[in-house]
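Protein chains get the first letters and strands the later ones, always in sequence-line order, with residue 1 at the start of each. Keep in mind that this is a model prediction, so the values were computed, not measured.
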Amino acid sequence: MALATKYNAKEVEDKWYQFWLDQGFFNSEVNDKPAYTIVIPPPNVTGILHMGHMLNNTIQDVLIRRARLQGFNACWVPGTDHASIATEAKVVAKLKAEGIDKSSISRDEFLKHAWDWTHNYGGKILDQLKKLGASCDWNRVKFTMDEDLYTSVIHSFVDLYEKGKIYRGHRMVNWDPEAKTTLSDEEIIYQEKNGNLYYINYPIEGSEECLTIATTRPETIFGDTAICIHPEDERYQHLKGKHAVVPVVGRKIPIIQDEYVDLEFGTGCLKVTPAHDENDKNLGDKHQLEVIDIFNEDASLNAFGLHYQGQDRFEARKAFANELKEKGFLVKTENHLNKVGTSERTGAVIEPRLSDQWFLTMQDLAQPAIDAVLKDETIKLFPKKFENTYKHWMENIRDWNISRQLWWGHRIPAWYIGEGKNEFVVAKNEEEALAKAIEKTGNSSLSLAELHQEEDVLDTWFSSWLWPMSVFNGINEPENEEFKYYYPTKDLVTGPDILFFWVARMIMAGYEYTEQKPFENVYLTGLVRDKQGRKMSKSLGNSPDALQLIEDFGADGVRVGLLLSNAAGNDLLFDEALCQQGKGFANKIWNAFRLIKGWEVDENLSTPSYAKAGLDWYASRFQQVLEEVDDHFSKYRISDALMASYKLVWDDFCSWLLEIIKPNYGEKIDAITLQQVISLFEDNLKLLHPFMPFVTEEIWQHIAERNQEEALVVNQWPVKKSYQKAKTKTFDFMKEVVSGIRNVRKEKNISFKDSIDLFVINNENQTKELDDLIKKLGNITKLTYSDTSVEGALSYRVGANEYFIPLKGAINIEEEIEKINEEIKYLKGFLNSVEKKLGNERFVNNAPEQVVALEKKKKSDALAKLKTLEISLKSLA
RNA sequence: GGGCGCUUAGCUCAGUUGGUUUAGAGCGUCUGGUUUACACCCAGAAGGUCGGGGGUUCGACUCCCUCAGCGCCCA
């Protein structure tokens, strides 16, 4: 059957993916070989495949496929996470669309809906990864809410609590008073609003004096517990240590000093309301201030609001401002523009509100993680620049708020006893909780009905930070065989945006539970942006449909397109043209194969010298590039590794080698050349397989009948051999000679079909071994060595060698002279810069010998070439 | 506000302890080419005072300072 002139990815990809699956090539079991493990950064169950995933997973697949070829027991564990915030939001929205309000159903009912949602959509993204060619071990798919992963999280919580690392505390949250719920930062829209800045007098205790503060929210005065001044503010020096009296309320509050105060804003004097402002909360914590919460759930005032109790915060603001004015406390009001956070869902103005939360102490956990990355480099970050970011965050680490006011997730295993908020036990399950509660209270008649489990769930990251361990059940059963074999894992590939949320925390968890690193190398990819540099997002609608891309360009094309532009750690501007380039490359390889496949062997032919020279050269060239590629991989420079392979195959293999060995039209090829070029082609396929698994397997299987174990996917990475660098250098010189011929042909409009003669003055003493190549590639009839210039010929130079092409037509002497003069001008400039260096005594004395020697060589080379040019010039004149 | 980073050819980026022919690649552009694998192709060319200024050095795209512009992260 004739091969299609164009490579058709669609017809090929599903076939081979299914074949690989059927053969179980992606599955890994514990064996004697060294393990190479990657755990997938679990995409969340609400997700569909987007460009970020495509890039991320392509890189992982490249790494794992290469490891497989290198003979490792490669294991790539796939999975998803439950994404409590995102998923719960989706489920709430879905229920709402069906007319069901979350608050009207029970927790259990809600969770049933969430599970339905997960079962319906959760696996979609993994199926999409298969289209991309991801060679995950699909027998190992994990989900953060699977039973063993769930218990891992619970066990870890109990363990950390028992170690005294988990405590309860307060934190300011974004409260939507209309929806009566907490919002995440992402759910808030900031709007500029016109308001007033109120200047209000606070009397100083035991004095006639007043202190004026400026505030945008006079109603929060009811919650004031201090006045703060800048320690260096000369205006207020005399007030240090005194107390002020809250207007109308009459409460005595301290005057504290803190550099936080902005001397320029308002009066340079700040009222502190720890219950209702994030910054005030921090000040309050620092100065141990009282916390007075003045609002109800719906942001109406509570009993602290005195006679305004029950009024809405905005009504109260107006009314109270009036009262302050009437009573002479209000000095003035100014117009003031400020940014107000509003709820994305209800539009209500967000109220900062203190709420009960669970925290994990981070200080002790951080230390081994800091050492591992920054001190011993047991874990390496690529690119290295992220170590700075990591360092800064880790050294200023704050305690982690691990509770979320949601239902979907790992419910915090704490049980409150009776009505109290502060009496509770932490346990792995209800039975254990009851036993602990009985022990704690001494009340043996206590029953489960009197215990109430914490409503909040844990932050999703509190489950994913265990991921490299929990996927192998390493928390529940640290001694299990798989865990001991696959862990620590090898590479982690993820985005820098979750370096703290996830990567750093995994490192901490790893050391806490195994005293080992969870992975060896962290490769941080860039963000995928659109052509205009905008982040790809659903709301902008600028993210291309991943599956459509694969449909249009083939999985191989998309993989290449993504990788080509992805310099390590830098954002990449995604452009479909890159996928087109990838698709074009697949087609190029396909056609190289078609060419070779089409050659007929004549057993009687011996190998022509040019073919032998070409094959020899390519074997060396291949080794040279293999070395480069391995080096790039060792530095996680994946795009460089791909580009090096791309140029090797396209330029060196297709444009040079195939043109060299290609038999003349109608002629056959000798057996040895064909056999050798196929073998070299197979090496190319091995090199390319991690990047382009489909097209390489397709061609591999076309080349010969293979049994199952011989499939490319489980074959071997090319073997490194020593090679002669000199060979590639000589060949490079030959290329320049041929380019020179092509240039002359182009300049003088000599068709390639017309053969010409070439004369050379071999000043460089170049080998004649490649002369046959020059003749074939340049369509040269006769190649003649000469000692003198050839008159009436066009000339060009490579190094100090001079080449002449005699032409029947008139040679334009003027043009030739001008060309040579140009070259002389350049060389003289160059020579000048070299001589300047060499003429500098301090350079000669201080620079390393090698560098000086190099400059000397540059000089002698330039002089030699100048000499030939001047001789030519003379012969023309 | 704090932290980190970026600025090199029209575009996207390399440039790996400061010295490898007075800066490299891919794409794009321009010129020429199609009976003999591929127009998703072949051959060739043009294109940059390395963001501005200052400094260190025998020598700076590379190190330091400064100015300007841009980006990311802040639990």
Participant: Would you mind classifying the nucleic acid contact of A:Phe501 as base, sugar-phosphate or nothing, using non-hydrogen atoms under 4.0 angstrom?
Facilitator: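 Sugar-phosphate only.
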
Participant: Tell me yes or no: between the side chains of A:Asp652 and A:Tyr618, is some donor less than 3.5 Å from an acceptor?
Facilitator: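 Side chains of A:Asp652 and A:Tyr618: no pair found under 3.5 Å.
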
Participant: Starting from P on B:C73, measure out to NZ on A:Lys385 and report it in whole angstrom.
Facilitator: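 Value for this atom pair: 13 Å.
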
Participant: Does the distance from a Lys or Arg side-chain N to an Asp or Glu carboxylate O, for A:Lys857 and A:Asp861, drop under 4.0 Å?
Facilitator: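 Looking at A:Lys857 and A:Asp861, the cut-off is met.
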
Participant: Which whole number of Å gives the distance between the C1' atom of B:G32 and that of B:A39?
Facilitator: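 After rounding to an integer number of Å, I get 14 Å for this pair.
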
Participant: At a cut-off of 3.5 Å, list every protein nitrogen or oxygen paired with a nitrogen or oxygen from nucleotides 34-41 of chain B, distance to 0.1 Å.
Facilitator:
unit_1, atom_1, unit_2, atom_2, d
B:A37, O2', A:Asn591, OD1, 2.5
B:A37, O2', A:Arg594, NH1, 2.8
B:A37, N6, A:Glu659, OE2, 3.1
B:A37, N3, A:Asn591, O, 2.9
B:A37, N3, A:Ala592, N, 3.4
B:C38, O4', A:Asn591, OD1, 3.1
B:C38, O4', A:Asn591, ND2, 3.4
B:C38, O2', A:Asn587, ND2, 3.2
B:C38, O2, A:Lys588, NZ, 3.1
B:C38, N3, A:Lys588, NZ, 2.9
B:C40, O2', A:Asn587, ND2, 3.2
B:C40, O2, A:Lys583, O, 3.4
B:C41, O3', A:Lys588, NZ, 3.2

Participant: Test of understanding: with ring-ring contact (aromatic ring centres under 6.0 Å, His included), list the residues that count as partners of A:Phe500, not counting sequence neighbours.
Facilitator: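 ring-ring contact (aromatic ring centres under 6.0 Å, His included) list for A:Phe500, sorted by chain: A:Trp393.
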
Participant: Go through the structure and list residues passing side-chain contact (heavy atoms from CB on, under 4.5 Å) with A:Asn749, not counting sequence neighbours.
Facilitator: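 With sequence neighbours excluded, A:Asn749 shows a side-chain contact (heavy atoms from CB on, under 4.5 Å) to no residue whatsoever.
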
Participant: Without decimals, in angstroms, what is the distance between A:Gln850 CD and B:G18 P?
Facilitator: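 Going from A:Gln850 (CD) to B:G18 (P), I get 15 Å.
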
Participant: Considering only atom P, compute the distance from B:A46 to B:U31 and round it to an integer number of Å.
Facilitator: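 Between the two P atoms, the distance is 15 Å.
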
Participant: Describe, in one word, how the ring planes of A:Trp590 and A:His702 are oriented to each other, choosing from parallel (under 30°), tilted (30 to 60°) and perpendicular (over 60°).
Facilitator: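 It falls in the perpendicular class, over 60°.
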
Participant: For atom NZ of A:Lys391, is the number of surrounding heavy atoms from other residues, nucleotides or ligands below 6.0 Å larger than 12?
Facilitator: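 Counting other residues, nucleotides and ligands, NZ of A:Lys391 stays at 12 neighbours or fewer.
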
Participant: Does a salt bridge link A:Glu627 with A:Lys725, judged by any charged N lying under 4.0 Å from a carboxylate O?
Facilitator: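 Looking at A:Lys725 together with A:Glu627, the answer is no, because their closest N to O distance does not fall below 4.0 Å.
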
Participant: Residues from residues 743-752 of chain A sitting under 4.0 Å of RNA chain B, heavy atoms only?
Facilitator: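 A:Asn743, A:Lys746 - these, ordered by number, are the residues of the stretch whose heavy atoms sit under 4.0 Å from the strand.
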
Participant: Contact class for A:Arg398 (heavy atom, under 4.0 Å): base, sugar-phosphate, or nothing?
Facilitator: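 Base contact - A:Arg398 has a heavy atom under 4.0 Å of at least one base atom.
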
Participant: For A:Lys384, give me all partners under salt bridge (Lys or Arg N to Asp or Glu O under 4.0 Å), at least two apart in sequence or on another chain.
Facilitator: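 By the salt bridge (Lys or Arg N to Asp or Glu O under 4.0 Å) rule, A:Lys384 matches A:Glu377, A:Glu387.
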
Participant: B:G15 phosphate, OP1 or OP2: any side-chain N/O from A:Arg637 under 4.0 angstrom?
Facilitator: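 For B:G15, OP1 or OP2 has a side-chain N or O of A:Arg637 closer than 4.0 Å.
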
Participant: What stems involve RNA chain B, if each pair must be Watson-Crick or G-U and both of its distances must be under 3.5 Å, with 3 or more such pairs in a row?
Facilitator: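 Consecutive-pair runs (3 or more) involving RNA chain B: B:1-7 with B:68-74, B:10-13 with B:24-27, B:29-33 with B:41-45, B:51-55 with B:63-67.
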
Participant: According to ring-ring contact (aromatic ring centres under 6.0 Å, His included), who are the partners of A:Trp400, at least two apart in sequence or on a separate chain?
Facilitator: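 In terms of ring-ring contact (aromatic ring centres under 6.0 Å, His included), with neighbours along the sequence ignored, A:Trp400 is linked to A:Phe462, A:Trp465.
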
Participant: What is the distance, rounded to the nearest whole Å, between atom CZ of A:Arg171 and atom C1' of B:C74?
Facilitator: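 A:Arg171 atom CZ is separated from B:C74 atom C1' by 13 Å.
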
Participant: Does NZ or CZ of A:Arg621 lie under 6.0 Å from the centre of the six-membered ring of A:Trp650, at an angle within 45° of the ring axis?
Facilitator: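 Not satisfied by the 6.0 Å and 45° rule.
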
Participant: Expressed in whole Å, how much space separates the C1' atoms belonging to B:C58 and B:C4?
Facilitator: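 Comparing C1' positions in B:C58 and B:C4 gives a spacing of 35 Å.
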
Participant: I'd like the C1' distance from B:U12 over to B:C6, given in whole Å.
Facilitator: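 Their C1' atoms lie roughly 14 Å apart.
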
Participant: Given B:C13, is OP1 or OP2 found less than 4.0 Å from the side-chain N or O atoms of A:Ser639?
Facilitator: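 For A:Ser639, the contact criterion (side-chain N or O under 4.0 Å from OP1 or OP2 of B:C13) is not met.
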
Participant: How far, in whole Å, is B:U35 from B:U21 if one measures between their C1' atoms?
Facilitator: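 Here B:U21 and B:U35 have their C1' atoms 44 Å from each other.
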
Participant: Between A:Asp640 (side chain only) and A:His632 (backbone N and O only), is there a donor and an acceptor less than 3.5 Å apart?
Facilitator: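 Pair absent, no side-chain N/O of A:Asp640 close to backbone of A:His632.
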
Participant: Identify, between A:Thr389 and A:Trp393, the residue whose nearest nucleotide on RNA chain B lies closer to the 5' end.
Facilitator: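 Taking each residue's closest nucleotide, the earlier one in sequence belongs to A:Thr389.
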
Participant: Can you check whether A:Thr494 reaches A:Thr525 side chain to side chain, under 4.5 Å on heavy atoms?
Facilitator: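 The answer is no; the side chains never approach within 4.5 Å.
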
Participant: Can you figure out which of B:U16, B:C74, B:A43 approaches the side chain of A:Arg742 most closely?
Facilitator: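 Of the candidates, B:A43 comes closest.
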
Participant: Side-chain contact, heavy-atom cut-off 4.5 Å: A:Leu578 with A:Leu562?
Facilitator: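 A side-chain contact under 4.5 Å is absent here.
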
Participant: How many Å lie between CD on A:Glu278 and C1' on B:G1, as a whole number?
Facilitator: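 Answer to the nearest Å: 14 Å.
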
Participant: In terms of the angle between their ring planes, are A:Tyr646 and A:Phe585 parallel, tilted or perpendicular, with boundaries placed at 30° and 60°?
Facilitator: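 Judged by the thresholds at 30° and 60°, the geometry between A:Tyr646 and A:Phe585 is tilted.
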
Participant: How many Å lie between CG on A:Asp640 and P on B:U12, as a whole number?
Facilitator: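 Rounded to the whole Å, the gap is 18 Å.
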
Participant: Going by the rule ring-ring contact (aromatic ring centres under 6.0 Å, His included), which residues pair with A:Phe501 if we only count those two or more places apart in sequence or in a different chain?
Facilitator: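 A:Trp461.
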
Participant: Using the C1' atom in both, what is the distance from B:C61 to B:U17, to the nearest Å?
Facilitator: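 So the two C1' atoms sit 16 Å from each other.
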
Participant: Figure out the CG/P separation between A:Leu578 and B:C13, and round it to whole Å.
Facilitator: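 That distance rounds to 11 Å.
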
Participant: Counting the atoms with a prime plus P, OP1 and OP2 as sugar-phosphate, which does A:Asn396 contact under 4.0 Å by heavy atoms, base, sugar-phosphate, or nothing?
Facilitator: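 Result for A:Asn396 = base.
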
Participant: Restricting to nitrogen or oxygen on both sides, can you table the protein-nucleotides 56-66 of chain B pairs closer than 3.5 Å?
Facilitator:
unit_1, atom_1, unit_2, atom_2, d
B:C58, O2', A:Asn840, ND2, 2.6

Participant: The criterion is ring-ring contact (aromatic ring centres under 6.0 Å, His included); which residues satisfy it with A:Tyr796, sequence neighbours excluded?
Facilitator: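 Here the qualifying residues are A:Tyr803.
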
Participant: Within a strict 4.5 Å, meaning less than it, do heavy atoms of the A:Val677 and A:Leu658 side chains meet?
Facilitator: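 Yes, close enough: below the 4.5 Å cut-off.
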
Participant: I'd like the C1' distance from B:G47 over to B:A23, given in whole Å.
Facilitator: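 Each nucleotide's C1' atom is 13 Å from the other's.
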
Participant: Between A:Ser833 and A:Lys647, which residue's closest nucleotide on RNA chain B lies nearer the 5′ terminus?
Facilitator: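 The 5'-side residue here is A:Ser833.
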
Participant: Taking only the C1' atom of each, what is the distance from B:U56 to B:G15 in whole angstrom?
Facilitator: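 After rounding to an integer number of Å, I get 22 Å for this pair.
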
Participant: Send over the distance from A:His632 NE2 to B:G15 C1', rounded to a whole Å.
Facilitator: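 For the pair A:His632 NE2 and B:G15 C1', the rounded distance is 12 Å.
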
Participant: Could you check which residues of residues 856-867 of chain A get a heavy atom under 4.0 Å from RNA chain B? Sort them by number, please.
Facilitator: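 Nucleic-acid contacts, sorted: A:Lys858, A:Asp861.
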
Participant: Can you sort out the partners of A:Ser833 under side-chain hydrogen bond (donor to acceptor under 3.5 Å, both in side chains), two or more places apart, ordered by chain and number?
Facilitator: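 Listed in chain order: nothing, the list is empty.
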
Participant: Between B:U22, B:C73, B:G15, spot the one nearest the side chain of A:Phe500, thanks.
Facilitator: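 Looking only at side-chain atoms, A:Phe500 lies closest to B:C73.
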
Participant: Rounded to whole angstroms, how far apart are CG on A:Leu642 and C1' on B:U12?
Facilitator: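 So the two atoms are 15 Å apart, to the nearest Å.
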
